[in-house]
Visitor: 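Take this structure first; my questions come after.
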Amino acid sequence: MNASDRVEKAFVEVARPVIALGRDYSDGHIVAPHHHRRDQLLYGATGVVLVATAQGAWVMPPERGMWIPAGIEHDVRIMGTVRMRSLYIEPGVIKPMSGHCQVLGITPLMRSLLAEAVTIPAEYEEQGRDGALMALIQHEVPLLPVLPLSLPLPAGRALARLCRAFLLEPTPHTTIEDWSAAIGVSRRTFTRMFRRETGLSFVAWRQQACVMAALPRLAAGHSVTAVAIDLGYDNPAAFTSMFKRILGTPPAAYIERQA
């Protein structure tokens with residue numbers, strides 16, 4: 001544990017129901033698997049964050065949030081410079097909230113509350129103005145909309161290894177035959193195994209993985225054509241059609257709506 005991590009751990013153990021902490025990360029930074037005693041709400045004003053657990057992966061674009069329940073082991077990958085703002089919340093203080101990781105939309109009000117919260121001392125006066133602000137945060141967090149930016153990961157080690165590698169270098173041309181051969185099972189056995197462990201068909205999972213890989217690049221300003229080609233699509237129209245089928249809107253419109 002480095003010095004920053006030790007400071008953060010001591011900070012969040014202060015006897016307050018909600019603690020806010022700001023921290024900046026550089027492009028490519030990786031936070032090794034860990035867990036928190038408290039629930040956590042991550043928010044990145046800039047950059048993209050990829051969070052992975054044994055159960056799945058979530059991509060958090062700029063100006064979005066990530067709910068990570070207490071006790072869930074996760075690792076974090078930073079894409080671009082990320083100005084992270086985090087809330088650490090005593091378990092059970094905010095109800096109802098999911099027991100699973102979720103990507104959340106961040107409202108203008110919550111964005112302002114987070115910006116102010118990280119300036120507040122750890123041992124703030126609960127009956128004063130700072131306590132009132134933290135109490136308002138507790139009311140607002142359950143109202144944040146859930147965004148469909150998650151991808152389940154299988155429990156089996158061999159299959160999970162293939163899925164994690166694919167997330168780093170996705171392509172629409174990977175086939176069931178490629179993956180079934182890689183783990184030494186028949187095509188039929190593979191398709192049944194994959195659906196049982198992820199809840200999705202291989203093709204649907206592959207398409208969602210491509211969308212998750214595309215979002216950080218689109219958010220960084222890359223053109224739809226460039227992203228489609230980088231992912232291995234033969235033409236932008238095929239990529240746009242797949243993107244719209246999954247998220248309900250074309251990539252250009254989605255990014256404009258999220259801005």
Side-chain angles (χ1 to χ4, degrees), residues 8 11-12 16-25 27 29 31 34-53 55-120 133-152 208 211-212 214-216 218-220 247-249 254-259:
E8 180 173 337
F11 187 88
V12 300
R16 295 293 184 274
V18 181
I19 301 293
L21 181 65
R23 188 171 175 183
D24 296 344
Y25 294 93
D27 182 30
H29 185 85
V31 181
H34 64 288
H35 67 273
H36 304 285
R37 185 185 64 78
R38 293 178 180 237
D39 296 327
Q40 184 180 18
L41 177 68
L42 294 179
Y43 165 72
T46 59
V48 173
V49 177
L50 177 66
V51 173
T53 72
Q55 289 73 45
W58 294 260
V59 61
M60 187 180 87
E63 301 287 358
R64 302 299 173 266
M66 173 80 69
W67 176 256
I68 305 175
I72 291 185
E73 185 168 278
H74 59 284
D75 60 54
V76 180
R77 293 177 180 268
I78 303 298
M79 305 175 194
T81 300
V82 173
R83 295 176 54 231
M84 192 81 79
R85 304 294 177 258
S86 297
L87 296 175
Y88 295 91
I89 305 156
E90 284 289 344
V93 165
I94 296 182
K95 297 178 180 179
M97 289 299 292
S98 174
H100 304 283
C101 294
Q102 293 179 323
V103 179
L104 303 175
I106 299 297
T107 62
L109 174 58
M110 179 56 74
R111 194 173 300 134
S112 298
L113 291 172
L114 285 165
E116 187 67 20
V118 296
T119 70
I120 292 175
L133 187 144
M134 291 301 195
L136 180 55
I137 284 176
Q138 295 175 47
H139 286 289
E140 290 298 312
V141 169
L143 304 180
L144 300 176
V146 178
L147 304 180
L149 298 175
S150 65
L151 194 66
Q208 289 196 30
V211 167
M212 286 183 61
L215 287 172
L218 292 168
L247 291 184
T249 186
Y254 180 86
I255 295 301
E256 181 179 354
R257 189 178 67 191
Q258 303 303 310

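Just so it is clear, the structure is predicted and the values come from calculations on it, not from any experiment. For the single chain, residues carry numbers from 1 onward in sequence order.
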Visitor: Is the side chain of S112 donor-acceptor paired with the backbone N or O of P108 at a distance under 3.5 Å, no angle test?
Guide: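 Side chain of S112 to backbone of P108: a pair is present.
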
Visitor: For a quick test of reading the model, state the closest non-hydrogen atom pair linking R38 to P17 and the distance between them.
Guide: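 Looking at all heavy atoms of both residues, the closest pair is NH1-O, 3.3 Å.
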
Visitor: Report the relative orientation of the aromatic rings in H29 and Y25; use parallel for angles under 30°, tilted for 30 to 60°, perpendicular for over 60°.
Guide: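 Ring orientation of H29 relative to Y25: tilted.
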
Visitor: Can you tell me how far CG of L87 sits from CD1 of I137, rounded to the nearest 0.5 angstrom?
Guide: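 If we round to the nearest 0.5 Å, I137:CD1 and L87:CG are 5.0 Å apart.
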
Visitor: Mark yes or no for whether D39, through its side chain, and A70, through its backbone, hold a donor-acceptor pair below 3.5 Å.
Guide: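 At least one qualifying donor-acceptor pair exists.
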
Visitor: For atom NE2 of H100, decide whether the heavy atoms of other residues, nucleotides or ligands shown that lie under 6.0 angstrom number more than 12.
Guide: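 No, NE2 of H100 has 12 or fewer neighbouring heavy atoms, counting only those of other groups under 6.0 Å.
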
Visitor: Assign the ring pair Y88 / H36 to parallel, tilted or perpendicular, where the plane angle (0 to 90°) is split at 30° and 60°.
Guide: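 Rings of Y88 and H36: perpendicular, over 60°.
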
Visitor: What pair of heavy atoms forms the shortest contact from Y43 to I106, and how long is it?
Guide: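 Minimum heavy-atom contact is CD1-CG1, 3.7 Å.
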
Visitor: Can R77 and D27 be counted as an ion pair, charged N to O under 4.0 angstrom?
Guide: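 A salt bridge is absent here (no side-chain N lies under 4.0 Å from a carboxylate O).
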
Visitor: Take H34 and H74 through the ring-ring contact (aromatic ring centres under 6.0 Å, His included) test and state the conclusion after the steps.
Guide: CA-CA 6 Å; H34 64 288; H74 59 284; 4.2 Å; yes

Visitor: Tell me, with the steps shown, if R16 and E90 meet salt bridge (charged side-chain N to carboxylate O under 4.0 Å, His left out).
Guide: CA-CA 8 Å; R16 295 293 184 274; E90 284 289 344; over 6 Å; no

Visitor: Are W67 and V141 packed together at the side-chain level, in the sense that at least one heavy-atom pair is separated by less than 4.5 angstrom?
Guide: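 W67 vs V141: side chains touch.
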
Visitor: Would you say that M60 contacts V51 through its side chain, given a criterion of any heavy-atom pair below 4.5 Å between the two side chains?
Guide: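 A side-chain contact is absent here, since even the closest heavy-atom pair is not under 4.5 Å.
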
